[in-house]
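Chain letters run A, B, ... following the sequence lines, proteins first and then strands; every chain starts at 1. Scope of the values below: all heavy atoms of this structure, side chains included, with no hydrogens, waters or symmetry mates.
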Number of protein chains: 2
Amino acid sequence: MARKVGRRGGNIVTIHDVARHVGVSPMTVSRVINGEKNVREETRAKVMASVEALNYSPNLAARSLATQDSARIGLLYSNPSVAFLSEFLLGILSESSQSGAQLLIESCEGPEGATAALEKMKAAGCDGVILSPPLSDSTRVAKILQDMKMPFVGVAMARPDPNVSCVTIDDFKAAGAMTRRLIELGHRDIGFIKGHPNAYASQIRYDGFAAAMEKAGLKIDPGHVAQGYFTYRSGFDAAERMLSQKVRPTAIFASNDDMAAGAVASAHRLGLEVPEKLTVVGFDDTAMASSVWPELTTVRQPISDMAGLSVRLLLDQIKGHRSGRPFEAVREVRDFSLIERQSSADIGSASS
Amino acid sequence: MARKVGRRGGNIVTIHDVARHVGVSPMTVSRVINGEKNVREETRAKVMASVEALNYSPNLAARSLATQDSARIGLLYSNPSVAFLSEFLLGILSESSQSGAQLLIESCEGPEGATAALEKMKAAGCDGVILSPPLSDSTRVAKILQDMKMPFVGVAMARPDPNVSCVTIDDFKAAGAMTRRLIELGHRDIGFIKGHPNAYASQIRYDGFAAAMEKAGLKIDPGHVAQGYFTYRSGFDAAERMLSQKVRPTAIFASNDDMAAGAVASAHRLGLEVPEKLTVVGFDDTAMASSVWPELTTVRQPISDMAGLSVRLLLDQIKGHRSGRPFEAVREVRDFSLIERQSSADIGSASS
DNA sequence: AGCCTGTTTGTTAGCGCTACCAATCTGGCA
DNA sequence: TGCCAGATTGGTAGCGCTAACAAACAGGCT
């Protein structure tokens, strides 16, 4: 029977076309594109050349069908800063579409609402779950997932848990580095706006700040430390209080960009120019940081990369889970970096 | 030969399991889950029941392999407001993962950078492209795609083009509705911050505003119309100028939320309480609108829905393209809505 | 009843890829 | 030279699903 000319109108290049073009079997081509060893270097090169020439790219549907490792992964998030979510999604998305994983997205209200969302994911046949902060730090959520025997990976986890795989930066070091930078700029009285109390990262970032201050022999004015909730409004309010006191800090370090933006707004309202009269710095380097004015000096967390990596870790873990390989938690620590923009300045130009 | 117990450890429910459970052929089950007609109601019900009972959910990889309509679609965006992008992505993502489409994301700097990005997509084997604003309005980008014979769909297109499929809201009506609402609140002198000149939507929104003003018999003070660029900073600057004049508007209508947020910041800096002394409203209802304080009154565009719909339209178009069906542009217009939050108030409480 | 049309169901084959095993080829060593 | 371990390649089957066709069944007509 004459082979159907493909039910699609097009002329899609398959692995067979490449094989024929090179003069080897499809299997060999498969090995090459999957980077397996035991292929002669010469053959590999020829195949590669043909892949290039024919502009072949593997059909992911067919691959995941064949390998049976197509996975459905769930992404659970709860009211993170939207800018954070956006970056996060980009990373998750691009990685999961590359690896042919199906994605299921659910949001919930804090750790309490997680149970229902996770049940739903389980029912939908999810093979694993990715947790965005602050869920990733919730022992409660972790417990639920462990009871379900559902593989999961936490992103931006601050609470080190030897039984949980995660991708993070070193929040302690990062906060310390930013603090040292502020000190270097001449600031002595530095205010701090803490993050949401249910996020462990909040605590760690404060600790990093406090440690750096102490090491520099500087005292932290208790009136210059405020509780925030990672929201713009909470940063605004915290700064409002802090800046209405008799003695004002010359710099404010907010635990995320949204709060820093709120603090800038508050400073403007009180007639304090940023950075001339007040330095304000944030954390995360989300889009918020570069969309307000002045643009924020902040700690960059490679959120998108971290999210992508978390997908890979999760898929790996799911594979292991299926094959019965004993679970082994992985902790990947990414590098942070300091991004200096216009919201910070040398104390020289400020007056307390 | 004993059938392998599935190469995966698990016990995944397949269409065969359902078929066996009901006592029909897999094909019938397939028909039911795809909502085809010509299945007896009774049979359909039984199948549905089993699908529920076994918690079956189809393997998308297998489906797209079989139907051959697995498509690779590209998403091209260029510096939109990040909040917009985030919502946009959510819609695209959830729809494309549901329909098993592969996604390729590229960004570019304005319409000029689009050529390279599109070439790259073409090389990567994309079957179609989704354009986010303001690219969707670029005749230049449209031309390139048409020359490539690449199907594409524009989202939030303001320029009506009978040859291009798109999903939009009626920007003219939306801007008019918000304007009327402001007038209803007693505002007579309303300032307007225009969007980026390269986005056609900017023009349309202004036209809608102007038309509503004229219809109400109100004059637009030319000094109260400013050019913006959809960025926070541009909104801030525009408001700064507008509010430093002798006669100030009692309300400012910004063409997007980022600029509205900038305007609020500027008002605060000048000591004008929002909304007591000045009403500020935005457009889009992105996350920015509810993350600043006071939260913004704005025009809601169902971005996520629109994005999802655009994926469906594109897949449809790709299918048609493959089967040689002549191209027919589709224009889907979604409903907008007015969201009243804390940044707008009755003129009663304001004084000009 | 016998024929025909339209509806409902089943059968077969194959989408593009890779796991698994069999076949072939290399080179080293006795 | 002959034999064997290891490296390299190929063949076969099947992942879960659905297009296309074939078969079985209903009901309306002469």
Output yes when at least one side-chain N/O atom of A/Gln68 is less than 4.0 Å from OP1 or OP2 of D/dG14, else no. no
Looking only at side-chain atoms of B/Met27, point me to the closest of D/dG10, C/dT7, D/dA19. D/dA19
Calculate the interatomic distance between B/His16 atom NE2 and D/dC15 atom P; express it in whole Å. 8 Å
Which whole-number value in Å describes the distance from A/Tyr56 OH to C/dG16 P? 10 Å
I want to check something: taking the side chain as every heavy atom from C-beta on, are B/Arg31 and B/Thr43 in contact at a cut-off of under 4.5 Å? no
Need one value for A/Ser64: base, sugar-phosphate or nothing, where a base atom within 4.0 Å counts as base even if backbone is also close, heavy atoms only. nothing
Are the side chains of A/Ile15 and A/Pro58 in touch, meaning some heavy atoms are under 4.5 Å apart? no
Do any N or O atoms from the side chain of B/Ser30 and from the backbone of B/Pro26 form a donor-acceptor pair under 3.5 angstrom? no
Provide, to the nearest angstrom, the distance between the CZ atom belonging to B/Arg40 and the C1' atom belonging to C/dT8. 7 Å
Of the listed nucleotides (C/dG10, C/dG16, D/dC17), which one gets closest to any side-chain atom of B/Pro58? D/dC17
Does any part of the side chain of B/His16, heavy atoms only, come nearer than 4.5 Å to the side chain of B/Arg20, both counted from C-beta? yes
Could you pick out which residue, B/Ser30 or A/Val39, lies toward the 5' side of DNA chain D when each is mapped onto its nearest nucleotide? A/Val39
Separation of atom CD in A/Glu42 from atom C1' in D/dA7, rounded to whole Å: 14 Å
Charged N to carboxylate O under 4.0 angstrom, A/Arg312 versus A/Asp316? no
Please tell me if A/Ser25 has a side-chain N or O lying less than 4.0 Å from either OP1 or OP2 of D/dG10. yes
When you check the phosphate oxygens OP1 and OP2 of D/dT8, does a side-chain N or O of A/Thr28 lie under 4.0 Å from one of them? no
Specify the residue among B/Arg31 and A/Ile15 whose closest nucleotide of DNA chain C lies further upstream toward the 5′ end. B/Arg31
Between C1' on D/dT18 and CG on B/Asn59, what's the gap in Å once rounded to a whole number? 13 Å
In whole angstrom, give the distance that lies between atom CZ of B/Arg20 and atom P of D/dG16. 11 Å
Quick check for you: among C/dC15, D/dC15, C/dT7, whose closest atom lies nearest to any side-chain atom of B/Asn38? C/dT7
note: A/Leu65, atom CG; D/dT18, atom C1'; distance rounded to Å ~ 12 Å
Ignoring backbone atoms, establish whether A/Thr43 has a side-chain N or O less than 4.0 Å from OP1 or OP2 of D/dT9. yes
Which nucleotide in the set D/dT9, C/dT18, C/dT9 lies at the smallest distance from any side-chain heavy atom of A/Arg63? C/dT18
Gap between atoms CG and P, on A/Asp17 and C/dG16 respectively (whole Å): 9 Å
